[in-house]
Amino acid sequence: MEQLQTVLDNIGSFVWGPFFLIPLLLGTGLYLSIRLGFLQFHKLLPALNLGIIRRRDPDTEGDISQFQALTTALAATVGTGNIVGVATAIGIGGPGALFWMWVTGLLGMASKYSEAYLGVRYRTTDEAGEKSGGPQYYLQKAIKGPFGKILALSFAVFAFLASFGIGNMTQGNSIAANVEESFGVVPWVTGIILTVVTILVLVGGIKSIGKVTSAFVPVMIVFYVAAAIFILAVNITAVPAAFALIFTDAFTGTAAVGGFTGSILIIAIQYGVARGMFSNESGLGSAAIAAAAAQTSHPVRQGLVSMTQTFIDTIIVVSFTGLVIITTGTWNHTDENGEQISAALMTGEAFSNGLPGQWGHWIVTIGLIMFAFSTILGWSYYGERNVERLFGQRLVMPYRVVFSLVVFVGCTVPLAIVWSFSDIMNGLMALPNLIGLLILSGLIARETKHYLKHDPKLVASTAEIEAFMVDRPGWADWKSGNVVGSSRTHTGRAPVKPAGDRN
């Protein structure tokens, strides 16, 4: 087991290292930003208005509202990475790592838009009448020939495996460990409760998940951010110095207290980018699966709504965590042995230092519970859509049950190897998706330009959109994805039903 752990750690270090996934993710985000005219900046406000204020496109096909699709994706990404991941980046890479997390988030918004656009553009409808979309479909439908099929199937396999690890057992393990430490509840009790609650939500499918996340996710984010705002307000005089340290350290590196892992420039960049990507999942293709379920009148509209997920995750939640750690000085605190405190404890200590009594510790624990549980719900949907792609609709319900039961395993079993394996699968998901985004960048840019030329403020009605899209290549193909059973054509099991046959 020790040898296996070493092998997995080495593979994970390469996959998430500076010579493989990091330059590919950053480079793809920059390339797409340029091709899309940096739309993440000038279309952010209309996108936030559509996704959070207006929340839905009325009288459109889909399983859940645009807002519910956004909160489902947020549920999957706003997790332990926003608490422990930020502390890891700053603890090893120094305060400058937060700057590189911001860069990753801003460039990643273009990647998130692109994959969400494709997820909706090439979505299909399964035998149960539910939408199926994501890299497991668009890589095959948009990239013709065996290469596209290989990319699609590779993503589906990696995402299916990752759903049990990074989206399930590791999250349950984090919840059980923190509940035991904070409230003295033994892990098996937490495991039973978490398993029962999970299965009650998952049995209802994406509509049930959407209802829960649309109510749950905004509350958990506001709860956590409000506590961080209070701490920053109390330490307001330290905020300007914190920003100055972040920007200077981003380009110079900092000699860390106690001589921990060299916090030179390359380390700041590596950990800032890696943890930023791990937090917001831009480029991994996962959010496209949730986007595909949205009730939307055009793929561009949901792509822009999904893009705001990265903004909320990284520019808002990650920023507040990082600023609390830096302003309270916790990032370079040492324990009684003169060693830097671990990342797992750093955020909790920062909030404890900033809030009176035990409030800080409890808030971080409760926040981690909510973040991790929401990740379980979001990733369960990602996993089931890939099960549908690989094996068909008949195995979706069994998957939901097994997924819920595996939560108990995660709560009660040591998971060092599972963490390492999950990191690898999570990273390998990105590879076929990023290749696909680069290949399809021309189509994405062309269709985005056409749509925004006619509806720059995202206020066009369904009839108005139909008028300027009716003769557009691919428009009829997109609407054909509403035919029940259409997803079966991509597994070779059955032909598509006629458009008029919806029974």
Hey, would you say the [X] and [Y] ring centroids sit under 6.0 Å apart?
X	Y	result
Y224	F371	yes
Y117	Y138	no
W475	H450	no

Go through the side-chain N and O atoms of [X] and [Y] and say whether any donor and acceptor fall under 3.5 Å apart.
X	Y	result
Q309	T77	yes
K211	Q68	no
S33	Q40	yes
Q295	S65	no
T72	T213	yes

R301: partners by salt bridge (Lys or Arg N to Asp or Glu O under 4.0 Å), with sequence neighbours left out: D57, D455

Contacts of type salt bridge (Lys or Arg N to Asp or Glu O under 4.0 Å), residue R123, not counting sequence neighbours: none

Identified side chain to side chain contact (heavy atoms under 4.5 Å, CB included) partner of F243 from the options T248, L323, I326: L323

Any ion pair linking [Y] and [X] (charged N to carboxylate O, less than 4.0 Å)?
X	Y	value
E388	R394	no
D126	R385	yes
E447	R472	yes

Rounded distance (nearest 0.5 Å) linking atom OG1 of T308 with atom NZ of K43: 15.0 Å

Spacing of CG belonging to L25 relative to CG belonging to L21, to within rounding of 0.5 Å: 4.0 Å

Which residues share a side chain to side chain contact (heavy atoms under 4.5 Å, CB included) with V201, sequence neighbours left out: S208, I209, V212, L377

Side-chain donor/acceptor of S111 to backbone N/O of G283, under 3.5 Å: no

Side-chain (T125) to main-chain (G481) donor-acceptor, under 3.5 angstrom: yes

Stepwise ring pair (Phe, Tyr, Trp, His ring centres under 6.0 Å) test for F251 and F99: CA-CA 9 Å; F251 299 99; F99 172 85; 5.2 Å; yes

Atom CZ of F468: over 12 foreign heavy atoms under 6.0 Å: yes

